[in-house]
Amino acid sequence: MTVTTPKFPTPNPLFPKRQQVVTREDWLMRILLGLGTLWLLVGVVLPLFPMIGRSFFDPNGNWIGLANYVKYLTTPSLVSAFFNSFFIGAMSMMIAVGLAFLYAYALTRTQMPGKLAFRVLGMLPLYIPPLAHAIGLIYLFGNKGLVTTGFLGVFPKWDIGLYGPVGIIIGEVLYCFPQALVIMITALSLTDARLYEAAEVLGSTPLKTFFTVTLPSVKYGLISALFVCFTLAFTDFGVPKVVGGNFNVLATDIYKQVIGQQNFSMGATVSVFLLVPTVIAFVVDRIIQRRQTALVSAKAVPLQPKSHPPLDWLMFGFCALVAGFTIAVLLVIIFASLVKVWPYDLTLGFKNYDFSTVGGGGYRAFWNSIRMSFYTAIVGTVAVFMGAYLVEKGRGMKWLRSANYFLSTLPLALPGLVLGLSYVFFFNNKIWWIPFTKIAIYNPFNGIYGTMAILVLCNVIHFYTVCFLTANTALKQIDPEFEAVSASMRVPFYKTFWRVTVPLSLPAILEIGIYYFVNAMITISAIVFLYPPSLPLAAVAIVNMDDAGDIAAAAAMSTLVVLTSIGVRILYWLFTRGLQQRSQAWLQR
Amino acid sequence: MNPSEQPALAVTSLQPATTPSRQTSAYGVVDGLAEPEPYLRIEDINKSFGNFVALKNIFLNVYPGEFVCLLGPSGCGKTTLLRIIAGLEEQTSGRVIQGGKNVSNLPPAQRDFGIVFQSYALFPNLTATQNVAYGLQNAKRPRAEIDRRVAELLETVGLTGMGQKYPSQMSGGQQQRVALARALALSPGLLLLDEPLSALDAQVRVKLRTEIASLQKRLGITTVMVTHDQAEALAMADRIVVMDKGYIAQVGAPRAVYQHPRNPFVANFIGVMNFLQGVVVAPDQVRCGNLVLLTPNNQAAVNQPVRIAIRPEDIRVLSVAEAQTHSQNVISAEVQSMEYMGTGYLVTCAPDGNAKDQITIDLSTFESGALGLEPGSTLRLYLPPDQVQVFAAE
Amino acid sequence: MFAIKTMSIRLAHKPRFLSALSKRWKTFTSLFLSSFAIVLLVTACVADPSQVQNASPGASTAAGGSADSITVYTALEDDQIKEYLASFQAKYPDIKVNIVRDSTGVITAKLLAEKDNPQADVVWGTAASSLLVADQQGMLEPYAPAGLDKVSEKLRDDRNPPHWVGIDAWMSAFCVNTAELKEKNLPMPKSWADLTKPEYKNQIVMSNPASSGTGFLSVSAMLQMKGEQDGWKYLDGLHQNVAQYMHSGSRPCKAAGAGEYPIGISFDYRAVKQKNDGEPIEPVFPTEGSGWDIEANALVKKTTIKPAAKTFLDWAISEDVSKKYAENFAVTAIKTDVPIPKGYPADPLKQLAKNDFNWAASNRDRILEEWTKRYDTKSAPKEG
């Protein structure tokens, strides 16, 4: 009766496992997920094979096993480049994270005046290509730089010996600083005020509190920042290209091997040396982050920093120095771009903005870059958000979703140069040989080589991870039961996606779009090997102008790129403000 | 499980038949000759996540118009069971039959239910009206019909005139009502409530639970609700399904479950229960320490170690005079602590000659005043034999 | 700010994929294999690669769109290109020319890298010694452009039809910043030998021969003039004074013009042009003679050769544009009535050192390797 004991217990052999009816909706989701995974495979994993494979061949395509590696390890200049890169990575990492920690500490833990302005200024370098930083440094610290010549003779001269490790490290610190700052601000804002109250009640000294409460609570953020900065500085190409002088690093070596010496096989070999430490850093960081348990419970009380005038003003001074330096670099780029002949004729004008007598493609390159960034923003945002949605909100197919998640985080471990070179090997082949067989197949993707499409694809993949994680987090914050509720009302998932999920995620979606736009605008490493002749690009034009020695024109192009990025960011800010006001009704919480 | 108890339980389980919306007599259940056709049948559902067994051999019938509560501590599998009923989770084996149709393998969209979650899961970018109309619009109903139906639903849940508000502009209770209206919009055959009240303040919770229960009776919709709050289950349900570690521990009407818990787990989970260690000395006698108690409800064999159980409110404190008249089942105990509860005292005392166990009793302020109780006082406690239950010792 | 959110995610997120991966490794692998299989199925499976190449003529959309659009690789200077191309555009307004300009080394590298799927239709004004390398790989299509008979025999491939045809010759020259020289109180260098004097320590920049054609011709000239052994000895001495090896041929001159370094080892046109533009630059042609190379054109071998490409090559040695070449260079392949530009030595042909292109091309790899080993290595610790 009510408590029904089975009178004839049947083990139900007709229904073993996995029995749920698969609907058309499920199929749609599966196909989308399958396509999403396939496209990541093609975009991320498959190109790596020909790249790594190439390192076992000589330039004429003969199999030579490890000979390239042996040659690499026995060529002192190449080996020294590896250690140089390591040195640059380590130094830039320590300086950038140290500065970022103090800066973030000042922003989150003191009552220093002007916090909002400092927060915005601290992020400023995000919108400046690292290459442009280096150009700014030339005008500040180069042999004819403002500082070196004592502001053209007004002050005592100060030569810091820019060309070489000093210049590279300053440039990389500028590049890494905002990235580390972002992580440190987040980590420092997440601490529970009650821990500090407890420490105070227990009579702990400020120093002891710092080591027992502050540091442990930001440990994971700190580690993450260290790894991010190391990877950025280790793999960056722009800064050492411009101010490296004769100080060889891996990234410029790849460029030299590929572009200068026509040796793609060696380029691939050096790429492997660049790739391996990066992947190790990525994996180690991920393993460490896994251990992170939620230190901050939902009930955590946000810390209200107390006013402490000496500390506040000390921090103000520090932040003013750091922010002042970043502004100085930007201003000197703009200034130099307006000067007629540095340093002999300082009359201002727009002569350098006439790009017709310098290489790189001029305004055509600039418009191409805008076009490419725009397409990247559109395609990337759609791909990332759909991918993240299927991974986070999909039903069933758990293994496929895990695989997709893994593939989505992988691009973070791939340096742009490696990705770009991989794309050259993978896409610029009409046929693929399957290794160790006599079978060759058509490359169905060959058609996109040398078109805007491959540039957009490369950019979308290059910056995929950060965008994916942004989308993933935004989606995690959306009630997981929305899909269940919709199903109970027999509304298909795509309708709810469109009507509820997308509107709710709009801020994140727009952030992703902006991130894609800005990064596509300023990136060089991934596309320097890929851009077709018919499509010159602004960031690459900066490299070419610098190569040809047209530094002033490079500064002018940098100015255009930076102003565009910042302009787009401001437009976005105005737009979201309007959006927020309109949808305030449901956004207020 | 003790098969001999089943008839008694079956009788108490007829409580739902009193639902006004149904003609009880038509089923002819009262005399036990015929059984009503269950609206929802859960047959031998098993569910495991990897090595963890979440549900084991679950059988349950839910009758038309009945309000069933799945009650248990967290991790007992109650929510998993609800999600399997909804098709949101796939069972490892077993069947779910709803309205005579095997829905075991159907995705949620092809089943027939409305659901309310603990989080309400209201779409924050849609107004109350849009939320309620969400499923109706998708079903391509005419505009006028949708408007009428939404107005009707909002009225039903007492939110007339609030339709243009966004969820964030409403109180928790109001949001819960919108969620309820939305769940009812497509007139589903089954209403599933997943801890619908646990996110609310205590006062709102009590008010809403009465409202939901009466609404359910008024609409006559078959309802399954998950809760971990025994008071809620006792107040709202026609029948309670107590679950523990993936098993059904007991099914029955609230009173039956409360008064006749099948095992110590149920006894302890619902209400407060005093336990005393003992050994069966005769078919209807258990010795606890140096005292022999009459236990007519005993099923255990002689010499078996047992635990006897009694609710605090069933224990009577005897005056000195009364103590003379009772020769059996009187325990003398020393007051150890008294906890003031507002309406009275929760008194904890240690029975003489039994150091291991403690007894808790409820006393009104008046009673305890009259007895002049304070820690250290001695009390004479009468354990009415009918109220004493005997469970096998663990 | 955007990044704040992003990074908080990085932190807050517990990477479950690693565990998921280890658990799901098998399924992941099978997914990988099966998707690979899908690709295999989607694409036709063929055993003979030559068939593949023949089967898809013109399948490449990469080479730059319609027949009226050609891609031209060139190592000419940016400021020259605009000037030269004007007459082509006036004459053939319907042909769209995509110019890819880069250093000689880069252009050569691109050509070789794209061997299987050439992107360029035409190479224009690129070092003959580099084109020889591409030719050795069979990448050039012999073509006799209209007006070939007027081209000086020394400045073209001697086969018929020629694989490459020169337009002018350029030579190494020093760009000396007179203002900086005065400020640093340094004498004006006159010869290659002067450059190894200790007072010029860290005052000289030159282009890296691995990436720059100009750099290569200077190194190659030294080795040919002095013989290999003494040539390397000289370069060792020069290396002591070189502050930086730069990517392109023109950059040392521009660095000198901007005062970054007083002396840049560059080439004739750049030095003359910057002087004429009013920069404090004095072109110096070394007394021992200058290394030199030919800027040459060639047709790229590919499945579809566009008529426009040939039109371009015909135009590239036409009288009109040759006059323009002559305004910039002292030695041109086609004789014109344009006088030798101001700033060049009166008899430019005399200034040219002995140069064997075939020797340079066939030893290019070896020279660069030796150079890299000697100077790329030593230069690093010198800074650090």
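Since we're looking at a predicted model, the values are computed, not measured. Just so it is clear: chains get the letters A, B, ... in the order the sequence lines come, proteins before strands, and each one is counted from 1. In what follows, every heavy atom counts, from backbone to side chain, and hydrogens, waters and symmetry copies are set aside.
- Distance CG/Leu186(B) to OG/Ser488(A): 8.0 Å, rounded to 0.5 Å.
- Inter-residue side-chain proximity for Ser93(B) and Asp44(B) is flagged as unmet; no heavy-atom pair is nearer than 4.5 Å.
- Figure legend: Lys495(A) and Phe497(A) shown without cation-pi pairing, the cationic atom not lying both under 6.0 angstrom from the six-membered ring centre and within 45 degrees of its axis.
- Within the cation-pi definition used here (under 6.0 Å to the ring centroid, within 45° of the axis), Arg569(A) does not qualify as a partner of Trp573(A).
- Contact count against chain A (heavy-atom pairs under 4.5 Å) is highest for Leu122(B) among Leu122(B), Asp194(B), Asn57(B).
- Interface remark: of the candidates Lys165(B), Arg41(B), Arg83(B), Arg83(B) forms the most heavy-atom pairs closer than 4.5 Å to chain A.
- Proximity to chain B involves both the backbone and the side chain of Thr496(A), based on heavy atoms less than 4.5 angstrom apart.
- Asn46(B) does not touch chain A: none of its heavy atoms, backbone or side chain, sits under 4.5 Å away.
- In this structure, the portion of Phe117(B) lying under 4.5 Å from any heavy atom of chain A is its side chain and not its backbone.
- Contact count versus chain A (heavy atoms, under 4.5 Å) is highest, among Ala121(B), Pro188(B), Ser119(B), Gly135(B), for Ala121(B).
- When only modelled atom types and interatomic distance are considered, Arg149(B) and Ser187(B) share a side-chain donor-acceptor pair under 3.5 Å.
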